[in-house]
Amino acid sequence: MPLARIVLAFLPRFTSAMSFHRLAVAALLTCSLDVSSVLGARVQSPFLILPPDARTHQQAVQDIFLTSYNAYLKFAFPHDDLTPVSASFTDGRNGWGATVVDSLTTLKIMGLENLFNDAVVFASKIDFSISHTTDTVSVFETSIRYLGGLLSAYELSGGQFPQLITKAKQVADKMAFAFVPNTSPIPFGHIDFNTSRVQLATSNIAEAGTLTLEWSRLAKHTGNDTYRQLAENSVRHIAQLPAPLPALAAQGIDPSSGNFVGAYVSWGGGSDSYFEYLIKYARITNTKDTLFADTWATAVDSSLKHLAKTSTVGNHLYLADQQDDGTIRHIGSHLACFHAGNWLFGGRLLNNQTIVNTGLKLNDACWNTYASTLTGIGPEAFGFFSSDGNFTGASPSSSDIAFYDQHGFFIFPGSEDYFLRPEVLESNFYAWRVTGDTKYLDRAASAIDSFNKFLKVNVAFAGIGNVNQANSGFIDDTESFWFAEVLKYLYLTFDDPNHISLDDWVFNTEAHPFRAPSALPVYGSGKLIDQSSAPFKSKSGPLPAVSPIAALRNTTL
């Protein structure tokens, strides 16, 4: 059966932009994916040719990395993060040296062997038996940064450093207390490592559903399949709960009962990496169980029907949120912009051009948030107006509306900052590797220039308070994902495409790559999941903060 094609991708050029917009919206709302079993495709294009200046841009990225990392070593080591304005440190990740562990894989990929070896020595001596701060331990953050970093570094180095597996096991064994017997398969989000007691609180699907890659790799390297089972059972539980929209799980979930809390649906923070890992877990394990790929494909199909919207200016495609009461909220976020790369990855695995084309359009809309600002860097969150509605949860000012009329989105009030997030550049990297279109190289080069022009401060680089102002003040905290994600994705964009090929490696949500087995010819059953016979149920209650980074957004001039 021929693959479905999203009408938006093939509409002829209309003289009326509004006519184009209306037809595009109608196409998206009525489109249903054809996920019939067909042979999957390779993720990367076989025709990737780097231009002569690629090495220059790659070196520029490495220079930014070394400036940042050397500043960390001088002013912050062995603590978690550098504070680049005050030339000091913070310990927001339990004092285990998050920047060192999160940088392991980037050091290895960049060929910085001496620094990598030093980092391995440090990591092998971390005491994960206790937290070195009074904070509880985030199971999600610790899994993607520490556990993921240790395991990926072991694989990238060809298994030369078994002590990394020893440390990975140590931290996972402590985190395993988050899975409490006689409750539900959902782990609690935070643990007091010093007492091994969980913090009784609501979690979200991103926290509970983003452990499968790391914990399954630990199972592989230790021979203890319990790790995989714990993580996988949590995702199975989420995927099999009746959802507000087909396969689009509610954001909040209660580990005590295993029930959803509220009915908020989003591809943004608090939900994002649950959807990301569904298709990645299918690929990294080559499991014969079609639940994961089918749930992902159904979530994509459901998003096209219910969440995909286009802006009235510029026809920018975005995935809106849906609130508890069913109201569509026309917002996007830097965090959510991972979705473009994820749809490109999954679309190629399923050999579904509809998903690939849509991913490219989502990517263009996210890049537009960079291209439209004074600094050339995108904000934390943004709003849209669509013919389907203009509710965003904010009251845009006249200047916001004027900005929208020019650029097709407005910067969400209170979210003007850039906190060194990777997601737009992550999806740009996928777009380059999937299509071979050099416009994505140009975009990456533009981001490098913007970083050098607007993020340099004192000893390193820092986030900024307002991406549409030249001198808005700096954010005095460099989270470890600057090293693990932003600079890695930029570096790999200009690297030999055969190095860390998307057909040979699968990235966790912190950009730590795991070596993948040879791809299967088909992923999923070719059928969408039907949940129509089971009514959606949830409980009311407070949701956890989507990102603890919000508390750090104090800028320093």
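- Lys439 NZ: more than 12 foreign heavy atoms inside a 6.0 Å radius.
- Here the CZ atom belonging to Phe140 is positioned 10.0 Å from the OG atom belonging to Ser203, to the nearest 0.5 angstrom.
- Asp63 and Gln59 are linked by a side-chain donor-acceptor pair at a separation below 3.5 angstrom, with hydrogens and angles left out of the test.
- The backbone N or O of Thr212 lies less than 3.5 Å from no partner atom in the side chain of Arg217, so there is not a single donor-acceptor pair.
- Side-chain atoms of Asn70 come within 3.5 Å of backbone N or O of Leu66 as a donor-acceptor pair.
- The six-membered or imidazole ring of Phe429 lies away from that of Trp432, with a centre-to-centre distance of 6.0 Å or more.
- Residues Ser273 and Thr509 bring no donor and acceptor atom of their side chains to less than 3.5 Å of each other.
- Judged purely by distance below 3.5 Å, without hydrogens or angles, the side chains of Glu214 and His512 never pair a donor atom with an acceptor atom.
- In this structure a side-chain-to-backbone donor-acceptor pair under 3.5 Å is present from Asn204 to Ala206.
- Between Trp367 and Tyr370, the angle of the ring planes stays under 30°, which puts this pair in the parallel group of the 30/60° scheme.
- A side-chain donor from one of Ser303 and Trp267 sits under 3.5 Å from a side-chain acceptor of the other.
- A salt bridge is defined here as a Lys NZ or Arg NE, NH1 or NH2 lying under 4.0 Å from an Asp or Glu carboxylate O, and Arg145 with Glu479 meets this definition.
- A centroid separation of 6.0 Å or more is found between the aromatic rings of His330 and Phe409.
- Ring planes of Phe451 and Tyr418: parallel class, angle under 30° (limits at 30 and 60°).
- Between the side chains of Trp343 and Asn363, no donor-acceptor pair is found at a separation under 3.5 Å.
- Under the side chain to side chain donor-acceptor pair (under 3.5 Å) rule, Ser480 has a single partner from Asp102, Asp81, Asp80, Thr99, which is Asp102.
- Residues Thr133 and Asp91 bring no donor and acceptor atom of their side chains to less than 3.5 Å of each other.
- Aromatic pair Phe128/Tyr146: centroids less than 6.0 angstrom apart.
- Asn508 contributes a side-chain N or O that, together with a main-chain N or O of Ile144, makes up a donor-acceptor pair within less than 3.5 Å.
- Aromatic rings from Phe77 and Phe122 are positioned such that their centres are separated by under 6.0 Å.
- Side-chain atoms of Asn428 never come within 3.5 Å of backbone atoms of Val424 as a donor-acceptor pair (strictly under, hydrogens ignored).
- For the ring pair (Phe, Tyr, Trp, His ring centres under 6.0 Å) with Phe507, the qualifying choice from Tyr489, Tyr277, Phe338, Phe345 is Tyr489, the only one to do so.
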- prompt: Under the salt bridge (charged side-chain N to carboxylate O under 4.0 Å, His left out) criterion, do Asp364 and Arg443 qualify, and how do the steps go?
  reply: CA-CA 11 Å; Asp364 285 344; Arg443 291 175 179 180; 3.1 Å; yes
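- The two residues Thr67 and Ala460 have their closest heavy-atom pair at CG2-CA, 4.2 Å.
- One N or O on the side chain of Tyr72 and one on the backbone of His79 form a donor-acceptor pair closer than 3.5 Å.
- A salt bridge is absent between Asp503 and Arg433; no separation between the charged side-chain nitrogens and carboxylate oxygens falls under 4.0 Å.
- To the nearest 0.5 Å, atom NE2 of residue His499 and atom CH2 of residue Trp505 are 8.0 Å apart.
- Residues Ser157 and Phe116 are in side-chain contact: their nearest non-hydrogen atoms beyond the backbone lie under 4.5 Å apart.
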- request: Evaluate the ring pair (Phe, Tyr, Trp, His ring centres under 6.0 Å) criterion for residues Tyr154 and His221: first the C-alpha distance (whole Å), next the side-chain angles of each, then the deciding distance (0.1 Å), finally the verdict.
  value: CA-CA 10 Å; Tyr154 174 78; His221 293 304; 5.0 Å; yes
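- Remark: Arg42 CZ is loosely packed, at most 12 non-hydrogen atoms of other residues, nucleotides or ligands lying under 6.0 Å away.
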- request: Begin with the C-alpha distance, continue with both residues' side-chain angles, and end with the deciding distance and a verdict on side chain to side chain contact (heavy atoms under 4.5 Å, CB included) for Leu107 and Phe65.
  value: CA-CA 9 Å; Leu107 290 167; Phe65 178 90; 3.5 Å; yes
